[in-house]
A.B. asks: 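Before I ask anything, here is the structure I am working with.
Both counts, for ligands and for their atoms, begin at 1 and track the order of listing. Side chains are part of it too, since the values below use all heavy atoms of this structure and drop only hydrogens, waters and symmetry mates.
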Amino acid sequence: MQWREWISRQLKAETVEPDQESGARAAAMFAARLTFEGVERRYGDFYALQHVDLDIAPGEVVCLLGPSGCGKTTLLRIASGIETPSAGRVLINDLEVAGPNAFVPPERRSVGLMFQDFALFPHLSILENVAFGLKQLPPAEARRSALAVLSRVGLQKFADGYPRTLSGGQQQRVALARAIVPRPSVMLMDEPFSGLDVQLRDEMQEETLALLRETRATSLIVTHHPEEAMRLGDRIAVLRGGRVMQFDKAETLYDHPADLLVARMFSEINEVSYSVNQGQIDTPLGRLDAPAGVKDGESAVVCIRERGIEVNRSGRGLPGRVLHVRFHGDIDLLEIGVQGFDAPLRVRTPRYENWSKGAEVGIEVDPARLLVFPAASDDSA
Ligand code: ATP
């Protein structure tokens with residue numbers, strides 16, 4: 001998603017009245033509570049967002065996670081003020097900035113934005129790019145502040161160069177410096193790491209998080225990647241079909257996912273379907289309670305985490321045979337034919353065990369770690 005409208009708003013912000021300027025900057029030094037109350041966004045008959053409630057504490061880092069088209073960017077755009085909600089309210093520090101009673105324009109919300117493609121201005125020097133959001137300050141002060149932040153991200157020596165001369169990681173740092181230099185209360189980041197290669201991404205995630213913590217900006221970060229969300233977010237909001245399916249800490253999403261689709265996002269699982277009989281499911285691992293709301297004769301899915309299966313050579317537990325061993329770095333990915341299961345189970349196990357194809361093994365699973373859900377519709381957006 002391109003954010004050209006935001007840039008053009010910022011360009012127009014050069015001409016704001018002096019009293020508006022002081023208002024915009026005065027509010028910029030404190031982390032803010034960001035609240036969405038019943039936010040909806042309709043396009044014709046289509047609901048891009050449906051009754052979104054999120055309350056984000058001052059200084060908290062929240063990741064918006066979900067498949068393409070689930071409404072992540074729309075929510076960010078509504079928080080920024082580029083887009084208006086069709087219903088519901090957005091509040092910053094309990095002050096309505098969008099809703100039936102008020103609309104505060106983007107340039108007066110004390111929000112910083114960072115885009116997927118970084119959106120640096122090619123015709124401006126790196127220092128000018130960073131100083132871009134400080135137009136209301138006297139030039140010498142703007143320059144000093146921009147240089148200080150450039151130095152913080154380790155790029156002061158590039159101040160007079162141009163964005164085209166920078167690597168992807170360096171451009172990301174400049175974009176981050178530009179967003180952070182006006183000390184926004186709220187940082188909104190739309191897939192800020194997706195343009196970087198995997199190794200650089202790890203490094204930049206750490207650096208970005210450190211900088212967000214230093215500035216104490218309340219942050220909302222859009223991502224497609226559960227691992228990134230777990231790494232960055234104090235909490236994660238999982239969106240699907242314009243709704244918040246679950247909003248919690250990573251540990252809770254992992255241990256107690258709200259449904260099968262959330263479970264799939266946070267761990268690699270074997271899924272085995274069973275028919276419910278008298279409120280229970282009979283599996284080779286024992287009898288389990290059917291999930292609430294699933295009637296007799298309907299299907300439920302038992303999820304066995306690939307990392308939650310213990311494999312042993314002594315034959316404890318259910319008997320099985322290793323059918324396939326695939327190298328996966330620190331772990332081996334095994335496929336094991338297990339007595340009582342129609343399809344092989346996938347198992348992730350430490351590599352030092354040296355499993356080989358054809359080995360006769362036993363497998364054990366802690367029943368308390370099994371997840372059971374109603375069979376999911378695969379409407380994942
Ligand atoms: P991605 O991860 O691919 O960027 P997303 O989760 O950010 O996706 P949004 O960009 O928020 O998704 O879009 C949510 C839904 O709203 C999509 O189905 C999209 O087609 C639709 N949508 C967004 N903007 C408009 C618009 N201006 N007019 C009509 N539909 C729109």
A.B. asks: If you count the atoms of ligand 1 from 1 in the order shown, which ones are under 4.0 Å from a heavy atom of G69?
C.D. replies: 1 (P), 3 (O), 5 (P), 6 (O), 8 (O), 12 (O), 14 (C), 15 (C), 17 (C), 18 (O)
A.B. asks: Stepwise, does the side-chain hydrogen bond (donor to acceptor under 3.5 Å, both in side chains) test hold for T35 with D55?
C.D. replies: CA-CA 4 Å; T35 312; D55 190 19; 3.0 Å; yes
A.B. asks: Begin from the C-alpha positions of R305 and S267 and carry the test side-chain hydrogen bond (donor to acceptor under 3.5 Å, both in side chains) through to its verdict.
C.D. replies: CA-CA 7 Å; R305 297 183 199 272; S267 63; 2.8 Å; yes
A.B. asks: Within ligand 1, which atoms have a heavy atom of F46 less than 4.0 Å away?
C.D. replies: 15 (C), 16 (O), 18 (O), 21 (C)
A.B. asks: Would you call R346 and E335 a salt bridge, taking side-chain N to carboxylate O under 4.0 Å as the test?
C.D. replies: no
A.B. asks: Using a strict 4.0 Å cut-off to heavy atoms of H224, name the atoms of ligand 1 that fall inside it.
C.D. replies: 2 (O)
A.B. asks: Going by the atom numbers of ligand 1, which of them fall below 4.0 Å from some non-hydrogen atom of P67?
C.D. replies: 6 (O)
A.B. asks: Where do T223 and F193 land on the side-chain contact (heavy atoms from CB on, under 4.5 Å) test, with the steps shown first?
C.D. replies: CA-CA 8 Å; T223 176; F193 309 104; over 6 Å; no
A.B. asks: So with a 6.0 Å cut-off around CD of E227, is the heavy-atom count from everything else above 12?
C.D. replies: no
A.B. asks: Would A48 count as being in polar contact with ligand 1, using the rule that some N or O on each side must be under 3.5 angstrom apart?
C.D. replies: no
A.B. asks: Can you sort out which atoms of ligand 1 are near T74, meaning under 4.0 Å from one of its heavy atoms?
C.D. replies: 9 (P), 11 (O), 13 (O), 14 (C)
A.B. asks: Quick check: are there more than 12 heavy atoms from other residues, nucleotides or ligands sitting under 6.0 Å from CZ of R33?
C.D. replies: yes
A.B. asks: Distance under 4.0 Å to a non-hydrogen atom of E191: what atoms of ligand 1 satisfy this?
C.D. replies: 2 (O)
A.B. asks: What atoms of ligand 1 come closer than 4.0 angstrom to any heavy atom of G71?
C.D. replies: 5 (P), 6 (O), 11 (O), 12 (O), 14 (C)
